[in-house]
Amino acid sequence: MRPAPTILHLDMDAFYASAEQAAKPSLRGKAVVVGGLGPRGVVATASYEARRLGVHSAMPTAQARRLAPNAAYLVPRFSLYRTVSDQVMELLGRLSPLVEPLSLDEAFVDLEAGGTADDSASARATGEGLRAAIRAVTGLSGSVGLAGSKMLAKIASEEAKPDGLLVIEPGTERELLAPMSVRILPGVGPATGDHLRRAGMTTVHDLAEAGEAELIRLVGKAHGHGLFRMALGLDDRPVVAERDAKSVSVEDTFDVDLHDRVRVRAEVERLAVRCVERLRAADRSGRTVVLKVRRYDFSTLTRSETLRGPTDDPTVVREAAGRLLESVDTTGGVRLLGVGVTGLADYTQEDLFAQAADARELAQRALEHPAPTEGGEEEAVPEAGADTAEQLAARRWPAGHDVHHEEHGHGWVQGSGIGRVTVRFEEPWSAPGRVLTFRIDDPLLRPADPLPLVRESPDYSSWPASLPKSRSSGAGSSEGGESSP
């Protein structure tokens, strides 16, 4: 534990949904749900307006539609989210060399290591400056928690949501945590929470009072020891600038079970190419190829093959995945397929000329296959030869994605079906736009890249040099959702 709240945790507010609202003026202030839209789709993110109706992430989209039938349901645009995430992470990198990203929209920052904070006042000033910079550069809001440990900083940012800042002063940890639910602590999920509840422990105070010996008796030595330390507010984990990935993988969940063996093989080969794309993007190679198959009855099988040396060759990974598929019975139907590579290394033992040829193959295949959509997965392609006009429209014109019309300009897809696509023409900085409908094969309409959320991003090249620093012993609470315990 540090004597000053110099560990910062940033969590962007309803990131995907907020980005969509910022990009689409007609959706601001309205319920927006981002996720898979098929029969087996799940919610990736819901706007705060949708959350008030009971919609939350990981909920089946079908259930979300029952709760919020009038919400806007959009397919994720990961190219936009990655661009905005890069902008945010660049700002965090200006605060410290120790930035630990947890996802596209969440990260820890060690302010002390960057010299941008050494006490409560300077930490608060840095947090407030960061929130202002993020809003100016991206148009979005983020919540910031500041504390002497990673656990407490994350709890603080969660308590500050939405669009707030919370500083947990050293020495106040136990007082703050005591009335909170045990579920606030890392590693306490529904099962552990229910087990503790049956033992009469529902708050963090109950855990601290029970003592380490009792917690070890209830949940085991390792978990009990860690749980007791967390209940006391103790956490010595450092901020780690780089996390060493253990594997790279991609997977698809299909709206309709696949029965055609040729189609299953084609999907496995496509996933293998996507996996290698991610592997190369991370400048890594891997030695073990893993195939994951979830069958019609929800039984999940995994098969693996270890190669002679690390590789990032798409042909090698594709053929290995194909060999693994031969050992799996798929006659009853397949609902999910996945291909992964483990045993990662920073080099390969493959022929460099072959790699150059395969790079060209990857580029060509990237043009032929859609980008990933929900939660790192790809939209499943319907059964070969069974495409209806509606399926073709949904594949070419996903709801929420960008388009450009030669006469009407930039817009986004509101919906498609029966051979038609409906487009709302507006830009992030415009007023809500008009809606027009076209044939799905209109030659003047084409898919487009996302526009930036802010038309002219301010110059933050000298930030945060101007942030004030102080060695005063604390800061009072401020208004507008920002407070100290």
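Note that the structure is a prediction, hence the values are computed from the model and not measured.
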> Is it the case that the side chains of Arg174 and His205 hold a donor-acceptor pair, with the cut-off being a distance below 3.5 Å and no angle test?
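His205 vs Arg174: no donor-acceptor pair found between side chains.
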> Short question: side chain of Asp252, backbone of Phe254 - any donor-acceptor pair under 3.5 Å?
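Checking the backbone N and O of Phe254 against the side chain of Asp252, no donor-acceptor pair under 3.5 Å is found.
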> After noting the C-alpha distance and the side-chain angles of Leu436 and Val423, does the key distance pass the side-chain contact (heavy atoms from CB on, under 4.5 Å) rule?
CA-CA 5 Å; Leu436 298 173; Val423 177; 5.7 Å; no
> With side chains defined as the heavy atoms from C-beta onward, is the minimum distance between Arg124 and Leu165 less than 4.5 Å?
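With C-beta onward as the side chain, the pair touches.
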> Within the distance-only criterion (no hydrogens, no angle test), does the side chain of Thr422 pair as donor or acceptor with the backbone N or O of Gln414 below 3.5 angstrom?
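No.
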> Using a 4.5 Å cut-off on heavy atoms from C-beta on, say whether the side chain of Leu140 contacts that of Arg135.
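Side chain of Arg135 against side chain of Leu140, heavy atoms only: no contact under 4.5 Å found.
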> Does Arg94 make a cation-pi contact with Tyr460 (under 6.0 Å, within 45 degrees of the axis)?
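No, Arg94 does not sit over the ring of Tyr460.
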> Evaluate side-chain contact (heavy atoms from CB on, under 4.5 Å) for Glu158 paired with Lys161, printing each intermediate quantity in order.
CA-CA 5 Å; Glu158 186 63 31; Lys161 281 185 169 293; 4.1 Å; yes
> Is the shortest distance from a Lys or Arg side-chain nitrogen in Asp312 or Arg280 to a carboxylate oxygen in the other one below 4.0 Å?
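A salt bridge links Asp312 with Arg280.
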> Could you check whether Glu128 pairs with Arg131 (Lys NZ or Arg NE/NH1/NH2 to Asp/Glu carboxylate O, under 4.0 Å)?
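Answer for the salt bridge query: no.
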> May I ask you to say whether Asp313 pairs ionically with Arg318, meaning some side-chain N is under 4.0 Å from a carboxylate O?
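Between Arg318 and Asp313 there is no salt bridge, as every charged N stays at least 4.0 Å from the carboxylate O atoms.
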> Please check if the side chain of Arg28 supplies one atom and the backbone of Gln21 the other of a donor-acceptor pair under 3.5 Å.
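Checked: pair present.
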> If you take all heavy atoms of Thr138 and Leu453, which pair is closest and at what distance?
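So the minimum-distance heavy-atom pair works out to O-CB, 3.4 Å.
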> Decide yes or no for Val34 and Tyr73: does some side-chain heavy atom of the first lie under 4.5 Å from some side-chain heavy atom of the second?
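A side-chain contact is absent here, since even the closest heavy-atom pair is not under 4.5 Å.
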> Does a side-chain heavy-atom distance below 4.5 Å link Leu227 with Leu207?
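Counting from C-beta outward, Leu227 and Leu207 do come under 4.5 Å.
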> Looking at Asp236 and Arg229, is there a salt bridge between them, counting it only when a charged N and a carboxylate O are closer than 4.0 Å?
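Answer for the salt bridge query: yes.
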> I'd like to know if the side chain of Thr437 pairs up with that of Arg420 as donor and acceptor (distance under 3.5 Å, no hydrogens or angles considered).
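The criterion, which ignores hydrogens and geometry beyond distance, is not satisfied for Arg420 and Thr437.
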> Determine whether a donor-acceptor pair (N or O, by modelled atom type, separation under 3.5 Å) exists between the side chain of Ser85 and the backbone of Tyr81.
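No; judged by distance alone, with no hydrogens or angles, the pair does not exist.
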> Of the non-hydrogen atoms in Pro3 and Pro170, which two are nearest, and what is the gap between them?
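Taking every non-hydrogen atom into account, O-CG, 3.2 Å.
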> Please check this pair: side chain of Ser157 against backbone of Val144, looking for a donor-acceptor N/O pair closer than 3.5 Å.
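Checking the backbone N and O of Val144 against the side chain of Ser157, no donor-acceptor pair under 3.5 Å is found.
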> So, does Tyr16 use its side chain to make a donor-acceptor pair with the main chain of Ala44 at under 3.5 Å?
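It does not hold such a pair.
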> Enter the distance from Ser79:OG to Asp402:CG here, rounded to the nearest 0.5 Å.
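Answer rounded to 0.5 Å: 7.5 Å.
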> Please work out which of the three classes, parallel, tilted or perpendicular, describes the rings of Phe425 and Phe438, given edges at 30° and 60°.
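It falls in the perpendicular class, over 60°.
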> Can you tell me how far the CG atom of Asp105 sits from the CE atom of Met12, to the nearest 0.5 Å?
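That separation rounds to 7.5 Å.
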> With the side chain counted from C-beta on, respond yes when Leu80 and Asp449 share a heavy-atom pair under 4.5 Å apart, and no when they do not.
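Side chain of Leu80 against side chain of Asp449, heavy atoms only: no contact under 4.5 Å found.
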> Give me the atom names and distance for the closest heavy-atom approach of Leu176 to Ile168.
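Shortest heavy-atom separation between Leu176 and Ile168 comes out as CD2-CD1, 3.1 Å.
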> Under a 3.5 Å cutoff, is there a donor and acceptor pairing between the side chains of Asp13 and Ser143?
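Yes, Ser143 and Asp13 have a side-chain donor paired with an acceptor closer than 3.5 Å.
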> Go through it in stages, so that I can follow the logic: the residues are Val32 and Tyr48, the test is side-chain contact (heavy atoms from CB on, under 4.5 Å), and I'd like the CA-CA distance, side-chain angles, deciding distance and then a yes or no.
CA-CA 8 Å; Val32 174; Tyr48 286 100; over 6 Å; no
> Let me know which of Lys150, Glu100, Glu106 forms a side chain to side chain contact (heavy atoms under 4.5 Å, CB included) with His9.
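Single pass found, and it is Glu106.
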> From Thr253 OG1 over to Leu336 CG, what is the distance, rounded to the nearest 0.5 angstrom?
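It is 4.0 Å, given to the nearest 0.5 Å.
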> Short question: side chain of Thr172, backbone of Glu169 - any donor-acceptor pair under 3.5 Å?
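Yes, the answer is positive, given that a donor and an acceptor are paired below the 3.5 Å cut-off.
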> If you count the non-hydrogen atoms of other residues, nucleotides and ligands that lie under 6.0 Å from CD in Glu90, is the total more than 12?
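Yes - once you tally the heavy atoms of other residues, nucleotides and ligands closer than 6.0 Å, there are more than 12.
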> Trp397 versus Leu445: any side-chain heavy-atom pair under 4.5 Å?
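Answer yes - side chains close enough.
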> Which heavy atom in Leu451 sits nearest to a heavy atom in Pro428, and how many Å separate them?
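Scanning both residues completely, I find the closest heavy atoms to be CD1-CD, 3.8 Å.
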> Roughly how far, to the nearest 0.5 Å, is OG1 of Thr45 from CZ of Arg51?
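Interatomic distance, Arg51 CZ to Thr45 OG1, rounded to 0.5 Å: 7.0 Å.
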> With side-chain contact (heavy atoms from CB on, under 4.5 Å) as the test, would you mind laying out the steps for Val421 and Val403 before giving the verdict?
CA-CA 11 Å; Val421 56; Val403 297; over 6 Å; no
> How about Thr342 and Val290: do any of their side-chain heavy atoms sit closer than 4.5 Å?
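With C-beta onward as the side chain, the pair touches.
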> Salt bridge check: are Asp110 and Arg2 linked by an N-O gap of less than 4.0 Å?
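Looking at Asp110 and Arg2, the cut-off is met.
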> Which heavy atom in Gly145 sits nearest to a heavy atom in Ala156, and how many Å separate them?
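Between these two residues, the closest heavy atoms are CA-CB, 3.6 Å.
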> Tell me, do Phe108 and Leu8 make a side-chain contact under 4.5 Å, heavy atoms counted?
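No - every pair of side-chain heavy atoms lies 4.5 Å or more apart.
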> Considering the options Glu427, Glu20, Glu426, His401, which one meets the side chain to side chain donor-acceptor pair (under 3.5 Å) requirement together with Trp412?
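When side chain to side chain donor-acceptor pair (under 3.5 Å) is applied between Trp412 and each of Glu427, Glu20, Glu426, His401, only Glu426 qualifies.
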> Give me the atom names and distance for the closest heavy-atom approach of Leu91 to Leu130.
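Looking at all heavy atoms of both residues, the shortest contact is CB-CD1, 4.4 Å.
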> Let me confirm one number: the OG-CD1 distance from Ser149 to Ile155, rounded to the nearest 0.5 Å.
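One finds 7.5 Å between OG of Ser149 and CD1 of Ile155.
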> With rounding to the nearest 0.5 Å, note down the distance linking OG in Ser141 to CD1 in Ile134.
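Between Ser141 OG and Ile134 CD1, I get 9.0 Å after rounding to 0.5 Å.
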